[in-house]
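Below is one structure, written out as structure tokens; the observations come after it.
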Amino acid sequence: MLCTGLFLLLLGAAAPASAHAALRATDPADGSLLRTAPRQVTLTFTESVGLLTDSFRVYDPTNHRVRTGTAGHAPGRADTARVPLPARLAQGTYTVAWRVVSADSHPVSGALTFSVGTRTATVASTAPDATENPVTAALYSIARYLAYLSVALLLGTAAFVAYCRPPKAAPLRTPVLAAAWTLIASTAALFALRAPYEEGTAPAQALSLTALARTATTRPGELLLARLALLLLAASVVLVLRARRTRLPRRATLTVAAAVSVPLALTWSAAEHAAAGIQVPLAITSATLHLLAMGTWLGGLAALLRILSRTTALPLSVPVRFSRLALGSVTVLAVTGVYQSWRGLGSWQALTDTTYGRTLLAKLAAVAALLLAAACSRSWTTRMAGARTQTQVRTTTPARIPEPATGPPLPEPPPTLTPPPSLPLHHLRRSVLAEAAVAAVVLALTTLLTSTVPGRTATEAAQSTTAVAGIPTASVTTIPFDVGTPGGHGKVQITLDPGRGGTCSVQAVVYGPDGGLSTVPELRITLTLPDRRIGPLDTKVTDRGGYWAADSFTLPLPGTWTMKATVRVSDVDQVTVSAPVRVTR
């Protein structure tokens with residue numbers, strides 16, 4: 001319980017998790033300067049995305065929201081979202097805040113800017129009401145961890161009772177009931193929090209009937225409802241059997257348990273990483289087997305620990321059978337884990353260069369510690385099994401009795417009845433307790449992995465960004481200045497479009513000490529390339545009424561140029577400041 005509480009605190013205090021659909025490209029490009037207004041904004045992602053009721057928010061240069069059309073997908077492209085813009089847009093810089101839901105059920109958001117005709121100071125924020133709500137994100141993460149924990153306890157306990165056959169299953173009744181109710185409650189909480197989690201709003205929205213109805217029409221919502229239906233159906237069957245005092249045969253019990261556990265595991269695998277990316281059918285199958293094996297091992301471990309803490313002697317057959325069950329589970333986990341790691345990473349480099357890879361390394365280290373503790377338990381169990389075999393051989397071999405020299409032979413001694421030895425529990429209890437503690441760490445890292453961008457997706461998005469960056473884009477440089485008089489400080493923002501060698505345009509905006517636009521009587525901007533002894537080249541920017549610009553300026557060579565800006569704020573006060581500027585080919 002202590003480990004569980006610590007990890008609930010960790011998950012609740014963690015920052016909002018990254019989503020899994022990475023932005024591949026935008027049209028217009030972020031930071032671009034357009035001669036004419038675009039008719040729509042298009043976003044292309046690395047996987048299919050779902051749209052919300054307010055997925056796009058467009059703000060004009062005066063920070064007023066622009067009336068847009070209904071957002072939708074491009075024809076035949078579930079990974080491309082777009083929103084129509086008005087026919088006429090005023091000149092200036094526009095901000096687009098967006099938020100969508102990736103195919104693996106996690107929301108992703110961001111913002112971009114584009115300018116029509118000319119660049120102006122960007123006064124729009126990235127829509128703070130559309131960002132993550134920390135309370136909602138924390139509650140959702142806690143509910144997800146509790147769901148993982150409780151399903152592992154249910155699956156593992158069922159497998160433990162059916163296969164290991166403990167002499168008394170009564171000590172497991174209380175944790176099973178607690179796990180069942182926790183799974184039902186956490187699933188209901190996930191369904192209620194789904195809408196505010198996607199929208200990035202406060203948890204109070206969970207009480208909205210409209211939000212609940214919309215969640216019920218989404219794939220994550222349908223899977224959560226299916227999970228609730230399965231749990232309630234299983235609970236109803238158990239209650240009916242208990243009321244009639246009916247006990248099913250062992251084979252029938254196993255069949256019913258398998259019929260419930262497989263679709264129950266599917267409600268996780270069909271909503272997480274496996275539902276998006278490559279080889280989806282195989283990935284969902286692998287994820288389902290992985291979850292079942294994890295629950296069988298870790299949940300069975302908790303059941304064994306519960307039995308050990310509630311009895312003073314335990315038949316050796318119970319831990320021996322669990323050792324076999326755990327070995328089979330570990331084999332399935334190894335095979336499916338290798339496949340899922342390859343699918344999620346995509347390359348060895350992603351193992352250290354991405355958050356997903358580093359989290360996976362931490363999980364592998366925890367699993368290694370868990371296997372070490374399990375090996376200790378298995379070794380102790382094996383030694384006890386060997387000791388039992390030797391004891392049985394000694395007790396079942398009759399001692400030779402010498403016959404008397406005379407007289408009738410002595411009667412055969414009565415057979416010695418030796419009860420089967422029980423396992424001393426103090427050593428096994430310690431090793432199983434160590435396994436359970438590390439298992440809590442593994443479950444927490446598993447939950448974090450499902451909330452982290454897969455390495456393959458992160459690498460693909462980075463490569464897409466690099467490719468887009470290869471297209472000539474604007475270079476923006478901000479240089480602070482201070483003439484040494486009261487109110488004589490601020491900053492000048494200078495844009496070269498495109499930021500490469502050749503002909504480009506220059507725009508400059510001066511900001512005052514309050515962060516607002518400032519009008520200055522004179523601004524001069526020059527560029528020098530010291531390595532080639534070129535310059536200074538005067539851009540000859542002119543006042544365009546609130547900003548300074550030059551429509552045509554030539555940068556003859558790529559390299560690291562020195563940009564100097566001379567700002568005059570009054571008839572006698574001026575200052576020259578500089579900053580390096582990287583110019584590409």
Side-chain angles (χ1 to χ4, degrees), residues 18-103 106-132 198-201 457 460-476 495 497-499 507:
S18 302
H20 305 156
L23 185 63
R24 186 195 299 272
T26 68
D27 184 18
D30 187 17
S32 60
L33 177 63
L34 309 176
R35 293 184 179 180
T36 59
R39 298 304 305 269
Q40 61 188 10
V41 174
T42 303
L43 307 180
T44 303
F45 297 88
T46 56
E47 64 183 47
S48 60
V49 295
L51 300 178
L52 306 172
T53 55
D54 203 17
S55 278
F56 287 89
R57 300 185 182 191
V58 183
Y59 299 88
D60 64 15
T62 61
N63 200 22
H64 291 89
R65 187 168 179 181
V66 178
R67 291 182 177 272
T68 61
T70 302
H73 292 94
R77 295 291 302 273
D79 62 345
T80 301
R82 63 187 184 184
V83 60
L85 298 175
R88 295 182 180 180
L89 291 178
Q91 289 192 343
T93 300
Y94 290 78
T95 301
V96 180
W98 51 267
R99 187 177 182 88
V100 296
V101 180
S102 58
H106 297 277
V108 57
S109 60
L112 62 94
T113 62
F114 67 88
S115 302
V116 178
T118 184
R119 286 187 173 86
T120 57
T122 303
V123 295
S125 65
T126 57
D129 53 343
T131 58
E132 293 283 1
E198 290 181 351
E199 299 282 354
T201 56
T457 302
E460 184 179 353
Q463 292 173 349
S464 299
T465 303
T466 302
V468 173
I471 301 175
T473 56
S475 169
V476 181
T495 302
D497 186 20
Q507 297 90 29

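As the structure is a computational prediction, the values presented were derived from the model and not from experiment.
- Using modelled atom types and a 3.5 Å distance limit, the side chains of Thr62 and Asp60 yield a donor-acceptor pair.
- In terms of modelled atom types and a separation under 3.5 Å, the side chain of Arg99 and the main chain of Arg57 share no donor-acceptor contact.
- Qualifying side chain to side chain contact (heavy atoms under 4.5 Å, CB included) partners for Asp27, counting only residues two or more places apart in sequence or in other chains: Thr42.
- Arg65 CZ: more than 12 foreign heavy atoms inside a 6.0 Å radius.
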List the atom pairs, donor and acceptor, that lie under 3.5 Å between side-chain atoms in residues 80-90 and the rest of the protein, sequence neighbours left out.
none

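- Inter-residue side-chain proximity for Val116 and Pro38 is flagged as met; some heavy-atom pair is nearer than 4.5 Å.
- Separating the OG1 atom in Thr118 from the CG atom in Leu33 is a distance of 7.0 Å, to the nearest 0.5 Å.
- Within the 3.5 Å criterion, the main-chain N or O of Val49 finds a donor-acceptor partner in the side chain of His73.
- A 4.5 Å side-chain heavy-atom check between Arg24 and Phe45 finds every atom pair outside the cut-off.
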(message) Working note: Thr95 + Val58, criterion side chain to side chain contact (heavy atoms under 4.5 Å, CB included); need CA distance, chi angles, decisive distance, verdict.
(response) CA-CA 6 Å; Thr95 301; Val58 183; over 6 Å; no
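- Between Thr26 and Phe114 the shortest side-chain heavy-atom distance does not fall below 4.5 Å.
- For the pair Leu112 and Leu43, the minimum side-chain heavy-atom distance is below 4.5 Å.
- Scanning all heavy atoms of the two residues, the minimum distance from Glu199 to Leu52 falls at OE2-CB, 3.7 Å.
- In terms of heavy-atom proximity, Pro61 sits nearest to Gln91 at CG-O, 3.8 Å.
- Ser115 places none of its side-chain heavy atoms less than 4.5 Å from the side chain of Tyr94.
- The line from OG of Ser109 to CH2 of Trp98 is 6.5 Å long, rounded to the nearest 0.5 Å.
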